[in-house]
Amino acid sequence: MAILKVSRMGHPVLRAKAQAVLPADIKSVRIQQLIDDMFETMAEYSGIGLAAPQVHEGLRIFVAGVRKGPVVTPMTDDVDMPFIAVINPEIVPVRPDIELGWEGCLSIPDIRGKVPRHEEVRVRAYDRTGRRIEFVASGLPARVVQHETDHLDGVLFFDRMTSFETLTFMDEFGRYWKEHSSEDDEDDEE
Ligand SMILES: [Zn+2]
């Protein structure tokens, strides 16, 4: 296991479209090692999501979650998101509803902003054992999977903001925004 270097905004790897992983390669030592290292890197930086381009790997893989346990569906705000490794994800909104919520990004340190996301999405992907998985996510888990899947297409959360009025540094976030926020995920980075 190793803690990997996190790419920061401005590095071209964050703007490139990542390549799909061949299903036959998922169980390879290289991919399994990468997934282990991504989980370790995410934990090191107290993240709740991390996509492969954020560790300089142009592959369609992300890891996410805050606790050990089985993947449940629907994955909601009611329980902490379980650790998942998601490969070649395809995301479709379940309902048209859009929710505005705070996001941060390990590749854009120290900054937060409010980003509109689909409130509920269906995710189809492979898990790290190479099995097809499908789950529904809403609330914060839905926000995380949309943020991470965007990374695989070279999209950063700034790109999704419809207004930059909420863009704030963490220090100012703590001083001027936190008390006005009902979210409990202000310190999470993706
Ligand atoms: Zn991010």
Side-chain angles (χ1 to χ4, degrees), residues 3-21 34-67 75 77 80-91 93 98-119 121 123 125 137-164 166-174 177 181 183-190:
I3 293 164
L4 304 173
K5 188 179 180 195
V6 175
S7 57
R8 286 161 46 113
M9 184 169 60
H11 195 296
V13 72
L14 290 172
R15 289 307 193 175
K17 192 169 169 66
Q19 298 292 307
V21 180
L34 175 62
I35 291 169
D36 285 343
D37 291 348
M38 286 172 65
F39 273 121
E40 193 176 3
T41 304
M42 181 175 81
E44 171 69 16
Y45 294 103
S46 304
I48 56 170
L50 183 73
Q54 292 183 278
V55 291
H56 306 85
E57 289 281 354
L59 293 169
R60 302 188 76 77
I61 302 173
F62 71 79
V63 297
V66 293
R67 67 164 175 87
M75 204 181 285
D77 285 329
D80 286 338
M81 189 176 184
F83 289 122
I84 46 169
V86 177
I87 300 159
N88 299 348
E90 293 163 43
I91 290 185
I98 300 289
E99 194 172 56
L100 202 58
W102 289 103
E103 291 186 25
C105 182
L106 292 174
S107 296
I108 311 173
D110 225 25
I111 287 181
R112 291 286 181 281
K114 279 194 169 182
V115 184
R117 298 286 186 187
H118 291 289
E119 208 277 323
V121 293
V123 182
S138 67
L140 180 63
R143 179 168 298 280
V144 172
V145 299
Q146 288 170 89
H147 178 118
E148 301 312 331
T149 302
D150 268 356
H151 273 303
L152 309 182
D153 292 319
V155 174
L156 300 176
F157 82 81
F158 283 9
D159 304 334
R160 297 289 189 193
M161 294 178 74
T162 47
S163 161
F164 293 126
T166 58
L167 211 51
T168 177
F169 290 107
M170 271 314 286
D171 191 24
E172 282 70 15
F173 178 87
W177 292 93
S181 171
E183 311 272 326
D184 58 0
D185 50 308
E186 297 97 351
D187 296 328
D188 301 332
E189 303 212 38
E190 299 159 41

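In each ligand, atom 1 is the first atom listed, and ligand 1 is the first ligand listed. Keep in mind the model is a prediction, meaning the values are calculated, not measured. Side chains are part of it too, since the values below use all heavy atoms of this structure and drop only hydrogens, waters and symmetry mates.
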Query raised in the report: Should we count CD of Gln19 as having more than 12 external heavy atoms under 6.0 Å?
Result: no
**Report entry** Number of protein N, O or S atoms [distance to the Zn ion (ligand 1) under 2.8 Å]
**Finding:** 4
Query raised in the report: Which residues pass the side chain to side chain donor-acceptor pair (under 3.5 Å) test with Arg60, sequence neighbours left out?
Result: Asp153
Query raised in the report: Where is the tightest heavy-atom contact between Arg143 and Gly101, given as atom of each residue plus distance?
Result: NH2-N, 3.1 Å
Requested in this report: Kindly write out the residues that satisfy salt bridge (charged side-chain N to carboxylate O under 4.0 Å, His left out) with Asp37, not counting sequence neighbours, or none if the list is empty.
Outcome: none
Query - Partner set under side chain to side chain donor-acceptor pair (under 3.5 Å) for Arg15, not counting sequence neighbours - result: Asp159
Query raised in the report: Can you check whether Ser7's main-chain N or O pairs, donor with acceptor, with Ser107's side chain at less than 3.5 Å?
Result: yes
